[in-house]
Every structure is written in C-alpha cells, then in structure tokens.
Trainee: 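Dumping the structure here so I can ask a few things about it.
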Amino acid sequence: MLARCYARKKVSSELHTTNSRSRSIAIHTITMLRPRLRIPRASRIWRPILSCRSIHQIPTLDQFKPEEGVPGLLSPGGFDMAWTQYMQLVIERLNALTAGTQFEQEKTLSILKATAREASQAPIFNYASMAHNNHLFFERLAHIPEGQEGIPDEDRIPPALMNDLVKQFSSIETLRREFLVTAMAMFGPGFVWLVQNAQTQDLRILTTYLAGTPYTAGHWRRQGVDMNTQGINSPDTVKAFMERTKTGAGADTGGKFTQAAPGGIDVIPLLVLNTWEHVWLRDYGIGAGGLGGKRQFVEDWWRCIDWNKVDAARRPPPPKERSS
C-alpha cells in the first residue's frame, strides 16, 4: 500500500516537472518569435525640417570696409556705431515686430508705405523707415581715396545733373549752403533730402524729422515740422494735420483714397543727409566753441557724396507727345 502511494507521488512529480519544462520551452519559443520593439538612437530619430522664413537683413555696402570706415567722414569706430550696430538694432526690432505678419517678407520701403497711415503700426513704420533712410544715406556715399578729398564739385558731378542743379539752385555752392543751413537749423534729429518732382523734374530740398519719410505714399508720416520750434498749436502744424485727416484725402471724386497726399506731389529721393546724433557725435563731438560738431560733419559729408549714384536715381523726363 505504501509502495503504491509512493509510486503515484513520483509519477505526479515527474508529470509536473515535464509540464513546467514544456511551458518554459513554449514561452521561450514565443519570445523568440515575437518581434522586438527597436528604439532608435537619438541621432537616428526623424527630425522635421524647419521651414525657413524670409527675414530682413542688413544690406551690404560694397564701397566700404569696416576696418577703414568711411574715409574722409567716419572713423572705423564711427562707422561701426552709425552703420553696423545701428542697422543691427533696427533690423532686429523690425524682425521681431513683423514675424508672422504680412510684412515679414516685404522690403522696408513697402513696409513704411503700408504702415504710415496706421497709428497702431507706428513701431513697425519707425524701424522700417529708419532702416531705409539710413541705408540710403550710406549708399549714396563714395569711397574717396586718400589724397583726392579736394576734387572740385565741377569734376565730381555729371554734367547733366550739374546743369539741372545750377538751374534750380543758381549754383552748386548755393545748394551746399542750403544743406548746411537746413541741417544746422534742425534742433531735433532727422534727415535733409534732395528730391525730384516726378511730374515736373524740379529739384527741391525738404526735411523730415525723426523717422519721417519723404515718399508720397507715406505722407501721413512725413513729419516735416520741427515740434521743438513749431509746437502743436502752430498754424502750420494744425493745417498739415487737417489736410491729412480730411475725408477723402487725395481723392479724385467721392471718398476714394489714393496714395497721393492732398495736393501733394510724387517725389523721388535722390540724396539724403542723416543728422541723427549717433552718426556724427562719436567722431565730431558736440561742437562746443565752434570746433567739430554737426557743422563739420555736414561739410565733410558734402565732399563724400557719390554724385554718379545721385544722377542714376533720377527719373528721366516723360517723352514729349508728338504734335499731330
């Protein structure tokens, strides 16, 4: 009896061991056949390609090298402050303000024209206009080799442009004095422009203060009045404001708005003088005692103008209609 019970336990134990081994083999087989989840290395993880958007960049000035500055006008340090650092600042601010808007791929000229009328977009206008104006100021400068600073104006200005300037201002010396007197009369910072009337080809000098623009499409922000001397209650200031805010300003009929200012003319900027202090203060000082200062800066600027570029910017006169 005891022997029989012992035999049953032994058989049961063997069966249990066999079943355990079978289940272990089955699990191992399933594990081998199951596909493994492979986690790729960090370097192999798919990375989406970032879309590149067009952003505004600092224009290049091929005629100047940073280590030379603007010979006859600005030292390397002065050039670095007035061009490199300042343009970096306004472009950074402009990119921050226009990111994700319809202006992020537009040129600065298009931006200032589109935002001049909207008070809510004044910061965008200011940086776009300053970037455009400052670039135009430096772009119209020439690299004057050492020893050629004293070349007479008659030898530097193309003959056709010379004739038109003398016709409008009586002489080149008068034009130079007009620029100097106008710049010195500006108490606040801004720009002095030589512009061409697109309709009549006449040449005129006008001023814009702060970030003001001479372009007709941006006439809402021309800022041609010096608030330091005129004041908000000045008749000229009030008249200019009313002309720009009347209903149907610039309209031919009804309330249609055009890009032309009320009674305004389409002007083409040919030359611009930047009178902001950061441009000349480092190299010329404050000008106390009649030494240096803005006056000397303007006189040196006149000798560094690239008159060939000024002439190239002019719009040719429209063809005359043939008489029948």
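Here the structure is a predicted model, which means the values were calculated and not measured.
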Trainee: Would you call the rings of Trp302 and Trp307 parallel, tilted or perpendicular, where under 30° means parallel and over 60° means perpendicular?
Mentor: perpendicular

Trainee: Using the rule that Ile, Leu, Val, Met, Phe, Trp and Tyr join whenever any side-chain heavy atoms are under 4.5 Å apart, tell me whether Ile305 and Phe79 fall into a single cluster.
Mentor: yes

Trainee: Tell me whether Tyr86 shares a hydrophobic cluster with Leu97, the cluster being built from Ile, Leu, Val, Met, Phe, Trp, Tyr side chains joined at under 4.5 Å.
Mentor: yes

Trainee: State the CD1-CD1 distance between Ile151 and Ile157, to the nearest 0.5 angstrom.
Mentor: 12.0 Å

Trainee: Counting N and O atoms only, with roles assigned by atom type, does the side chain of Lys309 sit under 3.5 Å from a partner on the main chain of Glu139, one being a donor and the other an acceptor?
Mentor: yes

Trainee: Which pairs of donor and acceptor atoms, one on a side chain in residues 171-193, lie under 3.5 Å apart (sequence neighbours left out)?
Mentor:
unit_1	atom_1	unit_2	atom_2	d
Ser171	OG	Thr174	N	3.1
Ser171	OG	Thr174	OG1	2.7
Glu173	OE1	Arg176	NE	3.1
Glu173	OE2	Arg176	NE	3.4
Glu173	OE2	Arg176	NH2	2.8
Glu173	OE2	Arg177	NE	3.0
Thr174	OG1	Ser170	OG	3.2
Thr182	OG1	Glu178	O	2.6
Trp193	NE1	Thr208	OG1	2.8

Trainee: Applying side chain to side chain contact (heavy atoms under 4.5 Å, CB included), run through Arg204 and Asn197 and close with a yes or a no.
Mentor: CA-CA 8 Å; Arg204 293 290 185 270; Asn197 186 324; over 6 Å; no

Trainee: If hydrophobic clusters are built by linking Ile, Leu, Val, Met, Phe, Trp and Tyr wherever their side-chain heavy atoms come under 4.5 Å apart, do Leu165 and Leu271 end up in the same one?
Mentor: yes

Trainee: Is it true that, when you exclude Leu89 itself, more than 12 heavy atoms of the residues, nucleotides or ligands shown sit nearer than 6.0 Å to its CG?
Mentor: yes

Trainee: If you round to the nearest 0.5 Å, how far is CD1 of Ile55 from CD of Gln105?
Mentor: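 Atom-to-atom, Gln105:CD and Ile55:CD1 are 11.0 Å apart.
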
Trainee: Do the ring centers of His132 and Tyr215 come within less than 6.0 Å of each other?
Mentor: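 Ring centres of Tyr215 and His132 closer than 6.0 Å.
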
Trainee: May I ask you to decide if Gly212's main-chain N or O and Asn133's side chain share a donor-acceptor pair within less than 3.5 Å?
Mentor: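 Checked: pair present.
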
Trainee: For Ile111 and Ala128, work out which heavy atoms get closest and say how close.
Mentor: CG2-CB, 3.7 Å

Trainee: Donor-acceptor pairs are to be reported for all side-chain atoms of residues 60-71 against protein atoms at under 3.5 Å, with residues two or more places apart or in another chain.
Mentor:
unit_1	atom_1	unit_2	atom_2	d
Gln63	NE2	Phe138	O	3.3
Gln63	NE2	Leu141	O	3.0
Glu68	OE1	His143	NE2	3.2

Trainee: Just do the side chain to side chain contact (heavy atoms under 4.5 Å, CB included) check on Trp276 and Leu210 with the steps written out, would you?
Mentor: CA-CA 8 Å; Trp276 279 72; Leu210 300 177; 4.2 Å; yes

Trainee: Checking side-chain polar atoms at under 3.5 Å, does Asp80 have a donor or acceptor matched by the opposite partner on Gln85?
Mentor: yes

Trainee: Verify salt bridge (charged side-chain N to carboxylate O under 4.0 Å, His left out) between Arg314 and Asp311, making sure each step is shown before the conclusion.
Mentor: CA-CA 6 Å; Arg314 294 201 297 166; Asp311 186 44; 3.1 Å; yes

Trainee: Taking atom OG1 of Thr101 and atom CD of Gln121, what is their separation to the nearest 0.5 Å?
Mentor: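 So the gap between those two atoms works out to 8.0 Å.
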
Trainee: NZ of Lys113 to CD of Glu106: how many Å apart, nearest 0.5 Å?
Mentor: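 Reported to 0.5 Å precision, the distance equals 11.5 Å.
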
Trainee: For a quick test of reading the model, state the closest non-hydrogen atom pair linking Leu73 to Cys304 and the distance between them.
Mentor: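 Of all heavy-atom pairs spanning Leu73 and Cys304, the closest is CB-SG, 3.9 Å.
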
Trainee: For Ala131 and Met87, work out which heavy atoms get closest and say how close.
Mentor: O-CE, 3.7 Å

Trainee: Asn274 side chain to Trp280 main-chain N or O, any donor-acceptor pair under 3.5 Å?
Mentor: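 A pair under 3.5 Å: no.
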
Trainee: Would a distance-only check, ignoring hydrogens and angles, find a side-chain to backbone donor-acceptor pair under 3.5 Å from Arg295 to Gly290?
Mentor: no

Trainee: Of all the heavy-atom pairs spanning Pro59 and Trp83, show the shortest one and how long it is.
Mentor: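 Residues Pro59 and Trp83, closest heavy atoms: O-CZ2, 3.2 Å.
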
Trainee: Specify the closest pair of heavy atoms between Val267 and Thr216, including all atoms of both residues, with the distance to one decimal.
Mentor: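 It is N-OG1, 3.4 Å.
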
Trainee: Which pair of non-hydrogen atoms, one from Leu136 and one from Pro269, has the smallest distance, and what is that distance?
Mentor: CD2-CB, 4.1 Å

Trainee: Check the side chains of Asp300 and Gln296 for a donor-acceptor pair under 3.5 angstrom, ignoring hydrogens and angles.
Mentor: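 There is such a pair between these side chains.
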
Trainee: Is a side-chain N or O of Asp283 found less than 3.5 angstrom from the main chain of Ser75, in a donor-acceptor match?
Mentor: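 Yes, because the side chain of Asp283 sits within donor-acceptor range (under 3.5 Å) of the backbone of Ser75.
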
Trainee: With a 4.5 Å cut-off on side-chain heavy-atom distances among I, L, V, M, F, W and Y, is there a chain of contacts connecting Val166 to Leu194?
Mentor: yes

Trainee: Kindly indicate whether the side chain of Leu94, heavy atoms from C-beta on, has any atom under 4.5 Å from the side chain of Thr108.
Mentor: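 Sidechains of Thr108 and Leu94: in contact.
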
Trainee: Do Ser129 side-chain atoms and Phe125 backbone N/O form a donor-acceptor pair below 3.5 Å?
Mentor: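 Checking the backbone N and O of Phe125 against the side chain of Ser129, no donor-acceptor pair under 3.5 Å is found.
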
Trainee: Any chain of hydrophobic side-chain contacts (each under 4.5 Å) joining Ile268 to Leu203?
Mentor: yes

Trainee: Would you call Asp153-Arg156 a salt bridge at under 4.0 Å N-O?
Mentor: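 Salt bridge: yes.
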
Trainee: Side chain to side chain contact (heavy atoms under 4.5 Å, CB included) for Thr98 and His56? Distances and angles first, verdict last.
Mentor: CA-CA 10 Å; Thr98 59; His56 308 96; 3.6 Å; yes

Trainee: Please test Arg140 against Val272 for side chain to side chain contact (heavy atoms under 4.5 Å, CB included), starting from the C-alpha separation and ending with a verdict.
Mentor: CA-CA 8 Å; Arg140 294 289 192 272; Val272 60; 5.6 Å; no

Trainee: Ring-plane angle category for Phe297 and Tyr284, please: parallel below 30°, perpendicular beyond 60°, tilted otherwise.
Mentor: perpendicular

